[in-house]
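Within every chain, numbering begins at 1; the chains are lettered A, B, ... in the order of the sequence lines, protein sequences first and strands thereafter.
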There are 2 protein chains.
Amino acid sequence: MVAPPGRKPGRRPGPTETRPAILAAARELFAGKGYDGASIRAIARAAEVDPALIHHFYGNKEGLFIAAMEFPFDPTQIIPQVLTGGPREEIGERLVRIFLAVWGQGDFRSRALAVIRSAATSEQGATLLREFLTSALLGRVAEALEVPRLRILVGIAQMVGVVIMRYVLEIEPIASASDEELVELLAPTLQRYLGE
Amino acid sequence: MVAPPGRKPGRRPGPTETRPAILAAARELFAGKGYDGASIRAIARAAEVDPALIHHFYGNKEGLFIAAMEFPFDPTQIIPQVLTGGPREEIGERLVRIFLAVWGQGDFRSRALAVIRSAATSEQGATLLREFLTSALLGRVAEALEVPRLRILVGIAQMVGVVIMRYVLEIEPIASASDEELVELLAPTLQRYLGE
DNA sequence: GTCTATATGATGATAGAC
DNA sequence: GTCTATCATCATATAGAC
């Protein structure tokens with residue numbers, strides 16, 4: 001910062017780009033360190049913005065988190081696609097393929113990672129993830145597929161485990177395995193859990 | 001604290017029980033909130049001990065964490081038990097059974113949960129878990145069983161996922177499923193990954 | 001061994017000037 | 001919209017009295 005009299009207060013010219021900048025920085029830091037680990041000040045620093053602005057826009061830290069976590073697409077649309085997008089004998093493969101494709105999108109991945117990291121250390125984070133998995137996922141799948149909930153959960157556990165090994169711990173060779181390799185290994189497992 | 005003159009400094013009578021009390025409280029809080037989330041003060045409060053004592057005994061927070069995490073048994077003994085404790089066609093079942101039995105022990109579970117929770121939000125926590133999984137587990141198994149590392153990792157992912165659903169998120173019905181139910185579902189999966 | 005007192009710094013949040 | 005200043009709270013860690 002070498003601007004002689006310091007940056008002046010007051011609205012800056014041009015279209016407002018500071019909100020998206022804040023959200024992007026928030027997603028990155030929440031994804032990397034979880035809810036507690038990412039401080040408002042650090043987020044403000046990353047977005048090159050004053051910390052007070054974040055309070056001004058989003059009220060408090062939780063408001064910021066919620067705004068930053070908003071899903072980039074509707075999860076109620078992608079689930080039927082898996083369940084009824086083809087023959088039942090291929091549901092395992094279809095599920096693994098779509099799952100990996102969704103996680104391949106950076107905007108989804110950063111949000112989901114933030115939720116997972118937060119779930120590990122804060123009770124409200126755990127509740128958020130638990131309710132998503134049970135209501136949005138387990139509930140819907142159990143309703144559409146006549147399969148015991150325990151089988152579905154074990155299948156979800158397999159995919160959650162893969163995500164953690166791949167994106168949280170970044171263990172090789174699973175971190176840089178191709179989607180195709182993973183489909184080959186995982187599809188039969190999911191098929192066994194969810195096929196009739 | 002109503003003791004009229006306040007509790008006096010100086011060594012208390014009787015055998016020293018404050019170290020184990022500190023370690024027990026540390027394990028409980030680390031397991032519940034991870035490394036960052038569990039403060040030395042909170043641990044001291046839970047152990048009914050002065051925070052300065054913890055520094056006196058263990059130097060700093062990391063020293064306390066290491067002391068509290070020390071494994072209650074030798075992991076290099078249990079792995080051969082799984083690998084060579086019976087016929088290869090039953091390795092999946094053997095693995096799931098022993099895995100669930102170990103996690104059933106509270107002293108193991110609290111330590112392992114603390115490591116998992118810490119891995120989600122701190123880089124050194126992630127390194128700790130990563131090195132355990134790769135060196136102590138993946139390495140040994142890959143050496144003894146002629147199976148591609150990716151297959152082993154996908155199997156580890158399945159079990160890690162189950163633990164997270166069961167003990168971190170506590171989702172029903174997997175949280176209160178019997179070991180036997182889980183063996184029935186998981187053993188064939190692990191057998192497929194690790195069987196020859 | 002046990003405790004008090006304190007150094008030092010980060011955090012979330014608010015009030016108010018420009 | 002943007003910023004400074006500040007409050008209250010919490011953290012880890014240390015020095016030293018008893």
* Any side-chain hydrogen bond (donor to acceptor under 3.5 Å, both in side chains) pairs touching residues 79-94 of chain B, not counting sequence neighbours? ->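 The answer is Glu93(B)-Arg97(B).
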
* To do: Would you mind listing every side-chain hydrogen bond (donor to acceptor under 3.5 Å, both in side chains) that reaches into residues 21-40 of chain B, with sequence neighbours excluded?
  =>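 Found none.
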
* Could you say whether Arg19(B) or Ala52(B) is positioned toward the 5' end of DNA chain C, judged by the nucleotide with the nearest heavy atom to each? =>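 First, find each residue's nearest nucleotide; the 5'-ward one identifies Arg19(B).
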
* To do: For Pro51(B) and for Gly59(A), find the nucleotide of DNA chain C with the closest heavy atom, then tell me which residue's nucleotide is more 5'.
  => Pro51(B)

What is the distance from [atom1] of [X] to [atom2] of [N], rounded to the nearest Å?
X: Tyr58(A); N: dT2(D); atom1: OH; atom2: C1'; answer: 15 Å
X: His55(B); N: dG16(D); atom1: NE2; atom2: P; answer: 17 Å
X: Leu53(B); N: dT2(C); atom1: CG; atom2: C1'; answer: 5 Å
X: Arg45(B); N: dC10(D); atom1: CZ; atom2: C1'; answer: 10 Å
X: Lys33(A); N: dA10(C); atom1: NZ; atom2: P; answer: 13 Å
X: Glu62(B); N: dA11(D); atom1: CD; atom2: P; answer: 19 Å
X: Asp36(A); N: dT11(C); atom1: CG; atom2: P; answer: 12 Å
X: His56(B); N: dT2(C); atom1: NE2; atom2: P; answer: 8 Å

Please tell me which of the listed nucleotides, [options], lies nearest to the side chain of [X]?
X: Arg41(A); options: dA13(C), dC3(C), dA13(D); result: dA13(C)
X: Asp50(A); options: dT2(D), dA11(D), dT4(D); result: dT4(D)
X: Phe57(B); options: dG1(C), dA13(C), dA11(D); result: dG1(C)

* **Glu123(A) with Arg130(A): basic N within carboxylate O range, under 4.0 Å** => yes

* Over 12 foreign heavy atoms within 6.0 Å of CD, Gln105(A) -> yes

